[in-house]
Amino acid sequence: LIGLMVPRNEEMVVAMLAILKSGAAYVPIDPDYPQERISHIITDSGMRLLLTETSLEERAGFTGEVLLLDRLGEELTEYSDTNVSSTTEAGDLAYVIYTSGSTGW
């Protein structure tokens with residue numbers, strides 16, 4: 001599972017697709033959630049990597065590996081632009097969503 005804590009914009013969609021293409025599943029975390037809820041999601045999910053932005057890194061309080069999407073510009077030029085083959089199958093996990101509890105679960 002890979003955490004995704006970014007504002008809702010086109011870059012979020014690109015990050016979601018990249019996570020799925022890698023064969024992982026994403027855990028969306030709304031940056032506007034209360035701190036306690038963010039901490040719970042991060043701890044409970046067991047994620048090992050968090051994709052976020054510099055302005056949100058401290059708020060996340062994540063102690064694992066963090067990838068700051070707004071600082072990747074030059075790093076990305078070092079990688080091939082060849083399309084990566086995906087081994088993802090229809091039955092694979094795509095995402096884990098933490099609801100407010102109002103759904104009855």
Taking every non-hydrogen atom, the tightest pair across [X] and [Y]:
X   : Y   : value
P28 : V96 : CD-O, 3.3 Å
P31 : R59 : O-NE, 2.8 Å
L56 : P7  : CD1-CD, 4.0 Å

Contacts of D70 that satisfy salt bridge (Lys or Arg N to Asp or Glu O under 4.0 Å) - sequence neighbours left out: none

Mind checking salt bridge (Lys or Arg N to Asp or Glu O under 4.0 Å) for R8 and listing every partner two or more places apart, or none if nothing turns up? D30

Are [X] and [Y] grouped together when hydrophobic residues (ILVMFWY) are joined by side-chain heavy atoms under 4.5 angstrom apart?
X   : Y   : result
L4  : V66 : no
L72 : M12 : yes
Y95 : L20 : yes
V27 : L93 : yes

[atom1] of [X] to [atom2] of [Y]: how many Å apart, nearest 0.5 Å?
X   : Y   : atom1 : atom2 : answer
F62 : M47 : CZ    : CE    : 6.5 Å
L50 : I41 : CG    : CD1   : 11.0 Å
I29 : I42 : CD1   : CD1   : 4.5 Å
L67 : I2  : CG    : CD1   : 9.0 Å
T54 : R71 : OG1   : CZ    : 3.5 Å
T52 : L49 : OG1   : CG    : 11.0 Å

Exactly one of V6, L68, I19 clears side-chain contact (heavy atoms from CB on, under 4.5 Å) with L51, and that residue is I19

side-chain contact (heavy atoms from CB on, under 4.5 Å) partner of S39, chosen from E36, Q35, R37: Q35

Please state whether the rings of H40 and Y98 are parallel, tilted or perpendicular, taking 30° and 60° as the class boundaries. perpendicular

